[in-house]
Each structure stands twice: as structure tokens, then as C-alpha cells.
Amino acid sequence: ILNVEQSPQSLHVQEGDSTNFTCSFPSSNFYALHWYRWETAKSPEALFVMTLNGDEKKKGRISATLNTKEGYSYLYIKGSQPEDSATYLCAFIDFGNEKLTFGTGTRLTIIP
Amino acid sequence: GAVVSQHPSRVICKSGTSVKIECRSLDFQATTMFWYRQFPKQSLMLMATSNEGSKATYEQGVEKDKFLINHASLTLSTLTVTSAHPEDSSFYICSARVPAGYEQYFGPGTRLTVT
């Protein structure tokens with residue numbers, strides 16, 4: 001059983017502040033790491049698919065980094081806005097497997 | 001982006017009855033669809049992988065006779081919870097994978113409550 005952990009479980013951030021959270025995953029047999037944003041009553045939205053050690057990806061105010069050797073990825077949000085409030089999920093795929101193994105998510109609340 | 005719909009969004013049924021949940025890819029063809037289940041405060045857990053035109057592959061511990069999966073076309077997969085019991089109450093969510101890629105696009109999920 002693959003172990004994918006996210007921390008913190010929940011986070012309250014003042015509007016305008018920047019924040020980050022972590023996804024840790026097995027460092028062996030790595031293939032890809034996915035980040036999703038999941039707003040209540042909506043479908044999880046794909047943010048990033050990361051495959052290479054040292055990858056950095058950016059989408060607007062959100063960015064992510066990847067370290068496959070030590071088995072972690074950080075998601076950063078710069079200048080948080082109320083619309084950033086959501087649960088952020090990471091999911092790991094190991095080599096030779098098409099299945100996503102999800103973490104439990106980080107629930108982010110932006111305080112206006 | 002790719003859109004996946006799921007119906008119904010919420011269903012309440014009586015113990016012993018069966019419930020069918022539909023997952024559709026609206027603007028792309030999905031040879032592979034996935035069904036997940038989420039219990040409160042837990043992660044999304046893969047139940048089964050559904051390939052168009054063939055039998056679904058179930059994860060360990062998931063009863064295939066209880067959770068019937070049919071993937072009859074490239075845009076539709078269905079999950080039928082047979083003889084539902086209160087312990088089947090959960091959040092069920094599907095995803096569809098784009099051809100030639102590992103990206104999965106998710107439906108909005110179905111909240112099943114068995115009374």
C-alpha cells in the first residue's frame with residue numbers, strides 16, 4: 001500500500017498572505033505527481049502534473065515544486081484570495097501503474 | 001478543458017435496493033474510467049478501473065458482485081450498488097482518463113445515503 005501524506009490537514013490564511021503546503025510520497029519507483037484543487041460541490045480541477053525531479057510549475061499565483069529523490073512536493077499560493085479556498089489534493093502514480101493514490105488533502109480557508 | 005458529468009449528485013435509497021450512478025465524458029472519448037469512494041476525513045480510494053468493452057478491474061477488498069461496473073461506450077461508465085446497506089453510504093466519484101495520457105478528469109461526485 002502506497003503512503004501519500006499531506007500536511008497540514010487544514011489551514012486558515014489571511015487574504016493577501018502567501019502560503020504553502022506539502023505532499024510526501026514514496027521516493028522509489030516514481031512516475032508522476034498530480035495536484036488537484038477541489039472546491040465544495042464541484043469536480044476536482046487538475047492543477048499540475050509533475051514528472052521530473054526539480055520540476056517547477058506555475059499557474060497564475062499558484063506554483064509547485066517536486067523533489068522525487070526525497071519524496072515531496074510543495075504547493076505555493078502567492079497573495080491568497082478568497083477564491084483560493086478549497087481542498088488541495090495530491091496524487092501519486094508509481095512507474096508501471098496507471099492508478100492515482102491520493103493524499104487526504106489540505107483544506108485551505110482564506111479569511112477576508 | 002475536458003468535462004466529466006456524474007448523475008445523480010445525491011441519492012437516498014432504502015436498504016436492500018440498488019442504485020445506479022452514471023459517469024459521462026462530455027467532450028472527449030475515454031477508454032478508461034475510474035471509480036473512487038471517499039469516507040469522511042479520508043482520501044479518495046480507488047474502487048475499480050473500467051475499460052471500455054471489457055470487464056472492470058477491482059481493487060483488493062472491493063466486492064465485484066456488489067459494485068457492478070459497466071463501460072459500454074467510450075463516453076459512459078455506470079456503477080451500480082446492488083442490495084445497498086447503510087455501510088455503503090459514502091461519496092462516490094468517477095474520473096475519465098484522456099487517451100494517450102495520465103491526466104484524469106473528475107466528475108462532481110455522488111453522495112449516496114442508504115437508510
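The chains referred to below are lettered A, B, ... by the order of the sequence lines, with proteins before strands, and numbering in each begins at 1.
Other residues, nucleotides and ligands contribute at most 12 non-hydrogen atoms within 6.0 Å of the CD atom of E56(A). Summarising the local packing, CD of E45(A) is surrounded by more than 12 heavy atoms from other residues, nucleotides or ligands at distances under 6.0 Å. Counting heavy-atom neighbours within 6.0 Å of F39(B) CZ, excluding the residue itself, gives a total above 12. Few gaps surround NZ on K57(A); more than 12 heavy atoms of other groups in view lie less than 6.0 Å from it.
At a threshold of 4.5 Å between side-chain heavy atoms, the hydrophobic network of Ile, Leu, Val, Met, Phe, Trp and Tyr places W35(B) and V114(B) in one connected group. Y31(A) is connected to L89(A) through a chain of hydrophobic side-chain contacts under 4.5 Å among Ile, Leu, Val, Met, Phe, Trp and Tyr, so both are in one cluster. Hydrophobic clustering of Ile, Leu, Val, Met, Phe, Trp and Tyr side chains at less than 4.5 Å, counting indirect connections, keeps V11(B) apart from L76(B). By the criterion of side-chain heavy atoms lying less than 4.5 angstrom apart, applied directly or through intervening Ile, Leu, Val, Met, Phe, Trp or Tyr residues, V81(B) is grouped together with V62(B) in one hydrophobic cluster.
Using a distance-only test at 3.5 Å, with no hydrogens or angles considered, no donor-acceptor pair links the side chain of T104(A) to the main chain of S43(B).
Heavy atoms closer than 4.5 Å to chain A are found nowhere in Q6(B), neither backbone nor side chain. In this structure, chain A has no heavy atom under 4.5 Å from any part of R111(B). With a 4.5 Å cut-off on non-hydrogen atoms, Q42(B) touches chain A through its backbone but not through its side chain. Proximity to chain A is limited to the side chain of L46(B), based on heavy atoms less than 4.5 angstrom apart.
Ring geometry for Y36(A) against F106(B) counts as perpendicular: the plane angle is over 60°, on a 0 to 90° scale with 30° as the lower cut.
Annotation: the span from K99(A) atom NZ to T57(B) atom OG1 amounts to 7.5 Å, rounded to 0.5 Å. Interatomic distance, CD of Q38(B) versus CZ of F102(A), reported as 9.5 Å (0.5 Å rounding).
Of the residues considered (K41(B), M45(B), Q60(B), R97(B)), R97(B) shows the highest number of contacts with chain A, using heavy-atom pairs under 4.5 Å. Each of I93(A), T101(A), L100(A) has some count of heavy-atom pairs under 4.5 Å with chain B, and the biggest count is that of L100(A).
The side-chain heavy atoms of I93(B) and S43(A), taken from C-beta on, include no pair separated by under 4.5 Å.
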| Intermediate values then yes/no, side-chain contact (heavy atoms from CB on, under 4.5 Å), Q104(B) and H34(A) | CA-CA 9 Å; Q104(B) 293 185 26; H34(A) 294 230; 5.8 Å; no
